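These notes concern the structure reproduced below.
On a predicted model such as this, the values are computed, not experimentally measured, just so you know. When a ligand or atom number is given, it counts from 1 through the structure's own listing order.
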Amino acid sequence: MSDCIFCKIVAGELPSEEVASTNGTYAFRDINPGAPTHVLVVPRQHIADASVIRPEHAEMVTEMVQLAQRVAESEGVAERGYRLVLNVGEDAQNSVPHLHLHLLGGRRLGWPPG
Ligand code: AMP
C-alpha cells in the first residue's frame, strides 16, 4: 500500500527505531509511548487490522506473537508481565490502518484500559 505509513516504515522509506525483526515481521518503538516499553510489531505484508484475519494468516500472526515474546525478553519485561493489544476501529481509537500489535510494559498497567 503506497500511502500506508507502516508499509513505508517496513520498506525503510520512513525512519523508525528497530527493536527486532523476522522475515515476515518488524518491531519498532512507538513514537508516542504509553509505557516505559511500547513497541509495535507489524507484519511486513499489508493487512488492515485484526477484523480481516483469516486462517491463512495463522503463520503470520504466530510470527508476530513470537516476535513480541522475544522483544519482551530483550526489553526485560517478560518476567513481570506485559500487555499485547490489537486495536480495531474507531471506538478503540485505531489510527493506523496496518495491523500492529502493541507491546506495553515496564510499569503496572491499568485495567480496564481507559
Ligand atoms: P493505533 O491507535 O492502535 O492505530 O496505534 C497506532 C500507533 O502508532 C500509535 O501508538 C502511534 O503513536 C504510533 N505511531 C504512529 N506513527 C508512528 C511512527 N511514524 N513511528 C512509530 N510509531 C508511530
Could you tell me the residue and atom name of the protein heavy atom closest to atom 2 (O) of ligand 1, and the distance to it rounded to 0.1 Å? Gln93 O, 2.9 Å
Ligand 1-proximal atoms of Arg29, by part, heavy-atom distance under 4.0 Å: backbone
Is Leu40 touching ligand 1 with its side chain, its backbone, both, or neither, if touching means heavy atoms under 4.0 Å apart? side chain
Proximity of His100 to ligand 1 by residue part, where a heavy atom lies under 4.0 Å: side chain
Against heavy atoms of Phe6, which atoms of ligand 1 measure under 4.0 Å? 8 (O)
What is the closest protein heavy atom to atom 10 (O) of ligand 1, and at what distance does it sit? Asp30 OD2, 2.5 Å
Given Glu63 and Arg44, is the salt bridge (charged side-chain N to carboxylate O under 4.0 Å, His left out) satisfied, shown in steps? CA-CA 11 Å; Glu63 203 172 324; Arg44 292 184 186 276; over 6 Å; no
Considering only heavy atoms, does Ile5 approach ligand 1 within less than 4.0 Å through its side chain, its backbone, both, or neither? side chain
Aromatic plane relationship, His38 with His102 - under 30° parallel, 30 to 60° tilted, over 60° perpendicular: tilted
Can you tell me if Arg83 has over 12 outside heavy atoms packed within less than 6.0 Å of its CZ? yes
Among non-hydrogen protein atoms, atom 14 (N) of ligand 1 lies closest to Ile31 CG2, 3.8 Å
Nearest non-hydrogen protein atom, atom 19 (N) of ligand 1: Ile9 CD1, 3.7 Å
Considering non-hydrogen atoms of the protein only, which is the closest contact for atom 4 (O) of ligand 1, and what is the distance? Ser95 N, 2.7 Å
So for His102, does at least one of its heavy atoms come nearer than 4.0 angstrom to any atom of ligand 1? yes
